[in-house]
Participant: 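Please see the structure below; I have some questions.
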Protein chains: 2
Amino acid sequence: MTTPTGSGRRERRRLPILLKPDELEIRTWAQLVHTLSRMERRLEQALEGHGLSIPQFDILATLGFYQGITQQELAARLLVTKGNICGMIDRMEASGWVERRSDPFDRRANRLFLTRRGKALLAQTAPEQHARLREIMCALEPGELQSLYQYLDRLDEAAGD
Amino acid sequence: MTTPTGSGRRERRRLPILLKPDELEIRTWAQLVHTLSRMERRLEQALEGHGLSIPQFDILATLGFYQGITQQELAARLLVTKGNICGMIDRMEASGWVERRSDPFDRRANRLFLTRRGKALLAQTAPEQHARLREIMCALEPGELQSLYQYLDRLDEAAGD
DNA sequence: TATTGTTATACTCTATAACTATA
DNA sequence: TATAGTTATAGAGTATAACAATA
């Protein structure tokens, strides 16, 4: 049951520490969450001037790279449900950034494409995001960045599916 | 303006790649997001049996470590607004996990404490979360984990405030 | 039958801004 | 005045489940 430090009957201590997250696994996890949160806030600042959220930018960038994928493929890639993607695409289509085209070979499926405006928006925001990322990431040497990438990749696989 | 690859006038190509995110900064960022997302989903599974969300668990764990902090201190630590924390604590107080106690020295402020049930819940969920984390993190050698932690810490600082 | 997408619904997290009570 | 917390409001993102159209 691992009752945490200080199961005490009185709570009058100055700073009763219940849980001491001194193990590296926990500290690294907490750091991962914290770092991503900070970086997201930084990246959001650049996007909100364009009326874009981070998930929307992710979709924009994904469609820029994989034009013509289906909604389900997009959902799988972004690790969200198809219902979620459907709503996201609704909003982004309404904004004129994305276009659904029915797949002629399988008329159940939609193929997703960026519109001209969507491409322009991506062309405008991606370099900004990239610049901000570079500003932050340059805290690491190239070799360290490479290691970081690999560590994350391995954790990703270990987190499995 | 850095128009991405394939500004083409026709869109008939098989897979027109607009953006090639081949720079390590971008790939690492994408990997960071993806890995965290996967790990969160894994950790959520363990929590939802207890009716806990990840943000709630974060609060539980933070209060376990820093009992008696104020709502604003908690907000700053979790990088969210005080209004947000207020609502979170409302819900968690209603669930009987957290207790507000008015600070006798500054009656504007609330000091936050885990209730007995909150402590019990933390004592139950933290080891589970820890076990899951260890399962994933053991994909890295101890030295690598240490490096990962430091890299993230440096990025965190670089992302500044 | 199985699959793609849509719709309906609901909930959590999040933010902002105006408000209160205390300092 | 300034600060801690509350309230009201709003919105995004997310999930689930039932449904339609197509395969």
Side-chain angles (χ1 to χ4, degrees), chain A residues 33 36-38 40-45 47-60 62 68-95 97-113, chain B residues 33 36-38 40-45 47-60 62 68-95 97-113:
Chain A
V33 172
L36 191 83
S37 181
R38 272 250 176 90
E40 274 180 342
R41 266 159 194 67
R42 185 58 82 84
L43 294 174
E44 266 166 7
Q45 292 167 3
L47 291 178
E48 63 194 24
H50 300 279
L52 261 184
S53 68
I54 286 191
Q56 285 176 335
F57 177 78
D58 288 344
I59 288 179
L60 215 60
T62 302
I69 63 176
T70 66
Q71 296 186 192
Q72 299 241 41
E73 284 164 355
L74 181 59
R77 197 162 283 278
L78 299 183
L79 302 178
V80 295
T81 61
K82 60 184 181 174
N84 183 356
I85 286 297
C86 191
M88 296 288 300
I89 297 298
D90 283 349
R91 288 189 284 270
M92 295 181 73
E93 204 169 28
S95 298
W97 299 325
V98 171
E99 192 187 358
R100 288 168 161 107
R101 298 187 203 159
S102 191
D103 183 331
F105 300 102
D106 180 349
R107 282 169 30 236
R108 293 171 304 181
N110 290 330
R111 297 281 164 185
L112 300 175
F113 294 88
Chain B
V33 172
L36 191 82
S37 182
R38 272 252 177 89
E40 273 180 342
R41 265 157 194 71
R42 185 57 82 82
L43 294 174
E44 265 165 7
Q45 292 168 3
L47 291 178
E48 63 195 23
H50 299 280
L52 261 182
S53 68
I54 286 191
Q56 286 176 335
F57 178 78
D58 288 344
I59 289 180
L60 214 60
T62 303
I69 63 176
T70 66
Q71 296 187 191
Q72 299 241 40
E73 285 164 354
L74 182 59
R77 196 163 282 279
L78 299 184
L79 302 177
V80 295
T81 61
K82 61 184 182 174
N84 183 355
I85 285 299
C86 190
M88 295 288 301
I89 297 298
D90 282 349
R91 288 189 284 271
M92 295 181 73
E93 204 169 27
S95 298
W97 299 324
V98 171
E99 192 187 358
R100 289 169 161 105
R101 298 188 204 159
S102 192
D103 182 332
F105 300 103
D106 180 349
R107 281 167 33 234
R108 294 172 302 181
N110 290 329
R111 299 281 164 185
L112 300 175
F113 294 88

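Letters A, B, ... are given to chains in the order of the sequence lines, protein chains preceding strands, and every chain is numbered from 1.
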Participant: Starting from P on D/dT14, measure out to CG on B/L36 and report it in whole angstrom.
Facilitator: 13 Å

Participant: How long is the gap from CG on A/L36 to CG on B/L36, to the nearest 0.5 Å?
Facilitator: 5.0 Å

Participant: Using a cut-off of strictly less than 4.0 Å, decide whether A/N84 has a side-chain nitrogen or oxygen near OP1 or OP2 of D/dG13.
Facilitator: no

Participant: Between atom CG in A/D106 and atom P in D/dA23, what is the gap in whole Å?
Facilitator: 6 Å

Participant: Rounded to the nearest angstrom, tell me the gap between atom NZ in B/K82 and atom C1' in C/dA18.
Facilitator: 11 Å

Participant: Could you tell me if the side chain of B/R100 sits less than 4.5 Å from the side chain of B/L112, heavy atoms only?
Facilitator: yes

Participant: Figure out the CD/C1' separation between A/E44 and C/dT14, and round it to whole Å.
Facilitator: 10 Å

Participant: Please state whether the phosphate of D/dA12, meaning OP1 or OP2, lies under 4.0 angstrom from any side-chain nitrogen or oxygen of A/S53.
Facilitator: no

Participant: If you find the nucleotide of DNA chain C closest to A/A109 and the one closest to A/G87, which residue's nucleotide is nearer the 5' end?
Facilitator: A/A109

Participant: Should A/R108 be listed as having a side-chain N or O under 4.0 Å from OP1 or OP2 of C/dG5?
Facilitator: no

Participant: May I ask you to test the A/L60-A/M92 pair for a side-chain heavy-atom distance under 4.5 Å?
Facilitator: yes

Participant: Measure the spacing between CZ of A/R108 and CD of A/Q72 and express it to the nearest 0.5 Å.
Facilitator: 9.5 Å

Participant: Write down the distance between CD1 (B/I54) and C1' (D/dA15), rounded to a whole number of angstrom.
Facilitator: 14 Å

Participant: Does C/dT4 have OP1 or OP2 sitting under 4.0 Å from an N or O in the side chain of A/T70?
Facilitator: no

Participant: D/dA4 phosphate, OP1 or OP2: any side-chain N/O from B/R111 under 4.0 angstrom?
Facilitator: no

Participant: Within the pair A/R41 and C/dA15, is there a side-chain N or O less than 4.0 Å away from OP1 or OP2?
Facilitator: yes

Participant: If I take atom CD in residue B/E48 and atom P in nucleotide C/dT12, what distance separates them, rounded to the nearest angstrom?
Facilitator: 13 Å

Participant: For C/dG5, does either OP1 or OP2 sit under 4.0 Å from a side-chain N or O belonging to A/Q71?
Facilitator: no

Participant: Could you tell me the separation between the CZ atom of A/R100 and the P atom of D/dA21, rounded to a whole number of Å?
Facilitator: 16 Å

Participant: OP1 or OP2 of D/dA12 versus the side-chain N and O atoms of A/R91: is any pair under 4.0 Å?
Facilitator: no

Participant: Under 4.0 Å between a side-chain N or O of A/R107 and OP1 or OP2 of D/dA23?
Facilitator: yes

Participant: Do B/L43 and B/F57 have side chains that approach each other closer than 4.5 Å (heavy atoms only, starting at C-beta)?
Facilitator: no

Participant: Of all the choices, D/dG13, D/dA4, D/dT16, which nucleotide is nearest to the side chain of B/Q72 once you look at every atom?
Facilitator: D/dA4

Participant: Separation of A/E73 atom CD from C/dT4 atom P, in whole Å?
Facilitator: 9 Å

Participant: 5'-most contact on DNA chain D: A/P55 or A/P104, nearest heavy atom basis?
Facilitator: A/P55

